[in-house]
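Contents: one structure, followed by commentary.
Letters A, B, ... mirror the listed sequences (proteins, then strands); counts begin at 1. The basis for the numbers below is simple: all heavy atoms, side chains too, and nothing from hydrogens, waters or symmetry mates.
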Amino acid sequence: MVQVLRPAQAGTLESGDIFIQIAPAAAGSGLAIELESLVLAQYGQAIRATLAAVAAAQGVQDLVVRAVDRGALDWTIQARMLTALSRAGVALKGGTP
Amino acid sequence: MELRRTMLFIPGNSPAMLQSGGLFGADAVILDLEDTVAPGEKDAARQLVVQALHHVDYSGSERVVRINPLDTVGAADIASVVSGRPDALLVPKVESAADILQAAALVEAAEAPGQGPVKLVALLETPRGLAAAGVIAEAHPRLTALALGAEDYTAALGAVRTKEGREIYTARTLVVNAAAAAGIQSFDTPFTDAGDEEGLLADTRLARMLGFKGKLAVHPRQIEPIHSVFNPTAGEIAWAERVLDALRQAEEEGSGIASLGGKMVDAPVAQRARQVLQLARRLGLATS
C-alpha cells in the first residue's frame, strides 16, 4: 500500500480542466471523493471512477479527494490526478511526470 | 521527407488547447513544455502532454513535443514524453553537436523496444547556436530539421526586433544553408503578431524565397496564410509540367538539350520543376 505523504493539488478551473486537491487519510479509511461539476448528473460517476482508478493503479487506498470539474475529458482527469499524487509524494509507477 | 509547411505551437498545460490542436490542419503540432508552461507547472504539463499523445486524435498532424533545454529539465521531459510515442522532439537552445548527441542518447534510452525512432528538430536561437549551425545540422541521423527562433536570438544580440526582419537576415540564410548542406529541412521563426495577416504573409513570402520549407506558427489563424504561401501556385505547377514535358520531348528526340520558351532547361531548372510537382502532388494540386 502506498502512502500519500502530504496535501497537494493540480489542475486549474479553466474550461476543459479539473482542479484536484488531495490529502492524506487515516489507514483503513478508504477513498473519500468530494466532487463539484456542472455535469455532475451525467458524468459524476465516471469522473469518480477515473479518480479512484488512478489512485488504485498507484497503490493508494486511503485518500481524501476534492475535485472541481470544468468539463475535463478522461485523459485530463488522469493526468491531473497523477500530478496531484506525484506532488503528494507518491513515486508514480509507469514513469514519473 | 515530412510535409511541414506549418508547425503550430500548443501550450502543454492547457487541456482545452491540447484537445483541439488537431482541428486546424497544421502539418505538425508542437505540444509545448517550454516557454508556454510556468516553471512550477512543468510536471503537470508533462503528464498532460503524455496523456494527450495517447488519447487525442491530431488528425494526421505530425506530433512534435518541444522539451525544455537540456541544461534545465529537458532530460526529465524526454524520459516522460517518449513513452507517448511522439513523432519528433523540438530541442530548444541547441548550441552544439554535443547537445544533439545528448538528446539522441536520452531519446534512445527512453524508447520502448520496437518503438519507431523519435526524430529530432533543433531550435537555433542563440548566437552560439547560429555560429555552429553547420555542425549541428550534421550531428545525428535522427535530426531531420533546423528551426530558427528569432526572439531569443535578437534579444541575445541586443538587436532591435522588427516585423521586416532585416536584423535576422543573416541568421535565416545561415539556417537554410546549414540545413540544405546536411540534406535536412529548415523552418522559419514564428511571426508573433497573430493579428497582422498582411505582415505574416510578407514574412512567409520572404521565408519561402530564402528556401525555408515551412514556418513555426503561434496561432491557428496563421496556418491558412502560411500554407497559401508555401503551396505551389497554379502558374508554378503549369510551368513545372511544361519543363518536364520539354525534358521528355528532348529525350525522345535523342537530344541532350531541352529548351522551353527559347531558354535552355538545365539541371537546376529541372530540379526546381521536380520539387514543385512533388509538393503539388503531395497536396493534391497536380494531376500528372
Checklist entry - Are the side chain of B/Asn68 and the backbone of B/Val73 linked by a donor-acceptor contact shorter than 3.5 Å? => result no
Checklist entry - Does a salt bridge link B/Arg221 with B/Glu197, judged by any charged N lying under 4.0 Å from a carboxylate O? => result no
Item to check | Proximal component of A/Thr76, with respect to chain B [non-hydrogen, under 4.5 Å] | outcome: both
Item to check | Charged N-O contact under 4.0 Å between B/Glu34 and B/Arg46 | outcome: no
Item to check | Which portion of B/Asp77 sits near chain A, non-hydrogen atoms under 4.5 angstrom | outcome: neither
Checklist entry - Measuring heavy-atom distances to chain B, does A/Ile18 have an atom under 4.5 Å in its side chain, in its backbone, in both, or in neither? => result neither
Next on the checklist: Does any backbone or side-chain atom of B/Val56 lie under 4.5 Å from a heavy atom of chain A? Answer side chain, backbone, both or neither.
Outcome noted: side chain
Checklist entry - Among A/Thr12, A/Asp74, A/Asp17, which residue forms the greatest number of heavy-atom pairs with chain B at distances under 4.5 Å? => result A/Asp17
Item to check | Atom group of B/Ala110 that falls short of 4.5 Å from chain A, counting heavy atoms | outcome: neither
Checklist entry - Are the side chain of B/Gln115 and the backbone of B/Ala112 linked by a donor-acceptor contact shorter than 3.5 Å? => result yes
Checklist entry - Side chain, backbone, both or neither: which part of A/Arg80 has an atom under 4.5 Å from a heavy atom of chain B? => result side chain
Checklist entry - So, are B/Glu111 and B/Arg85 salt-bridged, with charged N and O less than 4.0 Å apart? => result no
Checklist entry - Would you say B/Asp87's side chain and B/Arg63's backbone share a donor-acceptor pair under 3.5 angstrom? => result yes
